[in-house]
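For reference, the structure is listed below as structure tokens.
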Amino acid sequence: MEEIDWGVALTPYRPFLSYSELGTSVAGRPTDMYKSVAAVLGLQGIIDAQQNLLAQEKDLKQVDTAAKEELAGLRTELSALDDSRAREVVKVLNERSPSTSRLRALLETHRLPEGTDHARLRALANLHGPDTQRTATVLADLRSAVKESATVSGTSADTALKRSDLLARVVELHRSIPEDHDCPVCGTGDQLTDAWVIDCEQQIRELRREGEHVKEVQRKVTESVQAAHRLIEDPPAWLPEQVTPAWEAWLNCRSHQQPESLIEAIEASAAPLRDACDPIRAAAAAELSVANEQWSNATSRVRTWVCKAEKATKCRQELKQLQEARAWLKEVHNELRTDRLRPLEKGVKRNWQKLCMDSSVELAAVALTGEGTRRKLALDLAVDGRETTALGVVSQGELNALALSLFLPRATTDESPFRFIVLDDPVQSMDPVKIVKLAQILAEVAENRQVVVFTHDHRLVDSLRFQGLPVTEVRVERGRESAVLTKKRSAPATQAVNEAKALIKDANVSSYVAKTVLPGVCRSALEAAFYDLAYQALSRRGKEWKWIEEQTSKTRELKQLAGLALSEEGRLRDEDIPQSIREAFGEEALQIIDDCNHGSHEAGALSDPKTLVGRVEKLVNQIGKHQ
């Protein structure tokens with residue numbers, strides 16, 4: 001199919017109508033019927049586009065719906081958290097159109113507002129008493145400085161340092177009052193001369209070099225005391241009450257200036273302060289860990305929802321454009337299907353009127369309606385002038401006729417690449433009149449394309465032949481190993497003559513059997529020939545097919561059948577029949593008929609089978625020419 005470029009065309013212009021489809025195509029699913037007709041009209045592309053847009057619209061709506069549904073659960077989850085951060089997020093989520101940018105800002109802000117429970121928890125989680133290692137180091141340095149200071153106290157180095165300090169002050173005093181030369185210590189006059197100052201400064205330098213070590217030791221003591229005082233920090237404003245006494249004792253260490261008492265005070269208050277802080281810090285850290293874990297889970301969900309909400313916002317914008325496109329496409333589709341269905345509808349109604357010209361059911365209109373899953377092929381029927389859409393009032397034969405009426409225009413459009421149609425037993429449940437009309441319709445179709453019909457019912461072939469319409473009959477059989485065998489068949493009369501000839505030539509058939517069977521075969525040939533003549537002659541004389549069917553079915557004798565075919569009014573008196581046969585076919589025709597009848601009823605009465613077959617063949621040809 002693909003190699004000859006038929007694959008795509010099979011859907012809109014499918015040239016096959018199977019037996020099962022004939023019975024169900026009209027009464028099938030409305031959307032399937034719509035699709036089959038719409039494909040012929042070239043609307044499948046638009047229908048596919050509509051379905052594609054509809055599917056996209058559904059997907060876009062699902063994104064928006066999912067975001068809205070998740071929002072409700074998110075609000076509930078965050079409202080249950082005892083967390084100031086969650087409460088801020090819930091405020092935004094409760095807005096009519098939650099701002100995703102504000103939510104992102106809230107999620108990215110790590111600083112907690114002052115005064116919030118979690119800010120206080122975070123502070124308590126960082127509450128520490130004096131650092132054990134640092135305190136031990138500072139006290140060790142202070143003890144070392146005190147110890148070293150004790151080793152130099154009262155030594156000559158210490159005295160030298162004191163003397164240098166005393167002399168330095170005297171020199172400074174003299175320089176501030178240069179006219180005063182009296183000793184400020186003992187009051188002796190004219191002692192503070194320039195020479196004395198020079199000598200004193202030399203002594204000061206020598207004494208200071210000697211006392212520099214003592215000064216360094218004293219500096220260490222001073223710095224160590226200052227370092228110890230720096231250990232003592234002020235308490236935070238949010239200090240829990242249960243820690244206040246211990247912290248106040250710790251602050252009291254600042255009042256100690258003497259190294260020894262300072263060391264003692266620090267050692268006495270540091271450990272109790274640590275012991276007071278540790279359980280509070282541990283409890284706050286545990287509580288904060290739980291809260292942070294809950295908040296982390298919540299923020300993860302909020303971030304996920306923010307992404308969905310932003311996508312939903314974008315989807316709503318796309319949805320608006322998509323709905324506008326779908327509305328436009330719907331309008332175009334409706335216009336096109338109305339315009340394109342019009343000629344197809346004419347063909348359907350014409351076929352229906354021809355097939356069911358005597359029916360009380362009238363096909364008023366054929367229309368494609370609806371969209372989506374509500375699309376259907378609407379058949380507006382009228383029964384005895386009353387409108388109805390119910391197919392239940394239509395007989396099975398009329399349903400089949402309706403199916404054929406719909407199929408043929410669709411399969412025979414000029415756009416179809418198939419120059420043939422294949423029908424499977426289309427005459428089922430049809431009365432003789434419908435079969436005659438169907439034969440006429442198929443003959444019209446056969447003018448432009450090949451028409452293949454599979455059937456076990458001989459009535460369609462007979463109808464074509466009786467009306468003088470061209471028909472080729474092929475017998476299809478299944479051979480060995482399911483091989484399909486075909487054989488061209490002649491008209492029934494010719495076929496019977498050929499069977500008679502074959503019977504004579506068959507060496508396996510005895511003379512008695514041939515003489516006994518042959519008259520009946522010859523009679524069948526004449527009967528078929530007269531049937532053909534009767535149908536064609538009477539129809540040309542204006543007789544209705546239904547009446548012809550009734551008359552031929554009641555006629556059993558060959559001469560009466562011949563009389564029916566030869567009469568002007570469709571019936572001859574029995575006494576007039578022989579003369580009509582003589583006039584039409586000669587005297588011998590009567591003898592041939594009598595021989596066939598006699599041989600059929602009296603076994604072995606036939607004397608010369610070969611001669612009889614030749615005479616019958618000649619008469620069959622005469623009857624055929626008489627048509």
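Because the structure is a prediction, the values reported are computed rather than measured.
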Leu341/Arg337 under side chain to side chain contact (heavy atoms under 4.5 Å, CB included): CA gap, chis, key distance, verdict: CA-CA 6 Å; Leu341 182 62; Arg337 77 181 178 186; 5.6 Å; no
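- With a 6.0 Å radius and a threshold of 12 heavy atoms from other residues, nucleotides or ligands, Glu293 has its CD atom at or below the threshold.
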Which side-chain N or O atoms in residues 313-322 pair as donor and acceptor under 3.5 Å with protein atoms at least two apart or in another chain?
{"residue": "Thr313", "atom": "OG1", "partner": "Ala309", "partner atom": "O", "Å": "2.9"}
{"residue": "Thr313", "atom": "OG1", "partner": "Arg316", "partner atom": "NH2", "Å": "3.2"}
{"residue": "Arg316", "atom": "NH1", "partner": "Asp64", "partner atom": "OD1", "Å": "2.4"}

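- Annotation: the span from Leu107 atom CG to Arg303 atom CZ amounts to 5.0 Å, rounded to 0.5 Å.
- Other residues, nucleotides and ligands contribute only 12 or fewer heavy atoms inside 6.0 Å of the CD atom of Gln450.
- For the side chain to side chain donor-acceptor pair (under 3.5 Å) test with Tyr535, the passing option among Glu549, Gln467, Arg465 is Glu549; the others fail.
- When the salt bridge (charged side-chain N to carboxylate O under 4.0 Å, His left out) test is applied to Lys308, the partners found at least two apart in sequence or on another chain are Glu70.
- Between the side chain of Arg281 and the backbone N or O of Leu127, at least one donor-acceptor pair lies under 3.5 Å.
- Two residues are said to be in side-chain contact when any heavy atoms from C-beta on lie closer than 4.5 Å; Leu81 and Arg87 fail this criterion.
- The salt bridge (charged side-chain N to carboxylate O under 4.0 Å, His left out) search around Asp234 returns Arg254, not counting sequence neighbours.
- With salt bridges taken as basic N to acidic carboxylate O contacts below 4.0 Å, none links Arg350 and Glu444.
- Side-chain contact between Ile548 and Phe466 is absent, with no heavy atoms from C-beta onward closer than 4.5 Å.
- Within a 6.0 Å sphere centred on NZ of Lys349, other residues, nucleotides and ligands contribute more than 12 heavy atoms.
- More than 12 non-hydrogen atoms from other residues, nucleotides or ligands lie less than 6.0 angstrom from CD of Gln440.
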Candidate pair Asp462 and Arg459, rule salt bridge (Lys or Arg N to Asp or Glu O under 4.0 Å), full reasoning: CA-CA 5 Å; Asp462 290 346; Arg459 293 180 299 165; over 6 Å; no
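- Salt-bridge check for Asp131 with Arg274: failed, with every basic side-chain N at 4.0 Å or more from each acidic carboxylate O.
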Candidate pair Glu88 and Arg85, rule salt bridge (Lys or Arg N to Asp or Glu O under 4.0 Å), full reasoning: CA-CA 5 Å; Glu88 289 298 316; Arg85 298 167 294 185; over 6 Å; no
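- Counting heavy-atom neighbours within 6.0 Å of Lys311 NZ, excluding the residue itself, gives a total of 12 or less.
- With salt bridges taken as basic N to acidic carboxylate O contacts below 4.0 Å, none links Arg342 and Glu345.
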Worked check of side chain to side chain contact (heavy atoms under 4.5 Å, CB included) between Leu106 and Arg102: CA-CA 6 Å; Leu106 286 173; Arg102 286 176 58 197; 5.5 Å; no
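- Other residues, nucleotides and ligands contribute more than 12 heavy atoms inside 6.0 Å of the CD atom of Gln62.
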